[in-house]
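One structure is given below, encoded as structure tokens.
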Amino acid sequence: MRLKDETKLKGIASITIDECFVVHDIKVIEGRDGLFIQMPNKKTSDGQHKDIAHPINTETREYIKNVVLDAYNKSIEEKSNNDEQ
């Protein structure tokens, strides 16, 4: 987890699935209702953003969200502990 200190972007994560497939650049974003994740995407010629990789069902999306946000919270806690030392 790479922590960011930007207005909305709070971190960037990579995950490895079944030790055989990796997804980079999953963003942790601060929204109005709290933290959420944004899957890697690219900007299309018409200015919209299209996901490059994403879960195809709610169960998998929730699992990835929970894993990434848990890692983010752990990184914040470790950073806070290191800053206190």
Nearest-0.5 Å distance that lies between atom CD in Glu59 and atom CD1 in Ile64: 11.0 Å

From Leu69 atom CG to Glu62 atom CD, the distance as rounded to the nearest 0.5 Å: 9.5 Å

Criterion side-chain contact (heavy atoms from CB on, under 4.5 Å) against Tyr72, the qualifying member of Val28, Ile37, Ile12, Val67: Val28

More than 12 heavy atoms of other groups within 6.0 Å of Ile17 CD1: yes

Over 12 non-hydrogen atoms of neighbours within 6.0 angstrom of CG in Asp33: no

The single option from His49, Lys8, Lys27 passing side-chain contact (heavy atoms from CB on, under 4.5 Å) against Gln38: Lys27

In one Ile/Leu/Val/Met/Phe/Trp/Tyr side-chain cluster, 4.5 Å: Phe36, Leu9: yes

Shared hydrophobic cluster for Val22 and Met39 (ILVMFWY, side-chain gaps under 4.5 Å): no

Ser75 side-chain N/O to Ala71 backbone N/O, donor-acceptor pair under 3.5 Å: yes

Over 12 non-hydrogen atoms of neighbours within 6.0 angstrom of OH in Tyr63: no

Note, Arg2 side chain near Asp25 side chain (heavy atom, < 4.5 Å): yes

Residue pair His24 / Ser14: nearest heavy atoms and the distance that separates them: ND1-OG, 2.8 Å

For Lys74, all residues meeting salt bridge (Lys or Arg N to Asp or Glu O under 4.0 Å), sequence neighbours excluded: none

Side-chain donor/acceptor of Asp18 to backbone N/O of Cys20, under 3.5 Å: no

Heavy-atom closest contact (Leu3 atom, Lys79 atom, distance): CD1-CD, 3.7 Å

From NE2 (His54) to CG (Asn57), nearest 0.5 Å: 11.5 Å

Nearest-0.5 Å distance that lies between atom CG in Asn66 and atom CG in Asn73: 10.5 Å

Closest non-hydrogen atom pair, Ile15 against Val68: CG2-CG2, 3.9 Å

Lys10 to Leu35 - nearest heavy-atom pair and separation: CG-CD2, 4.2 Å

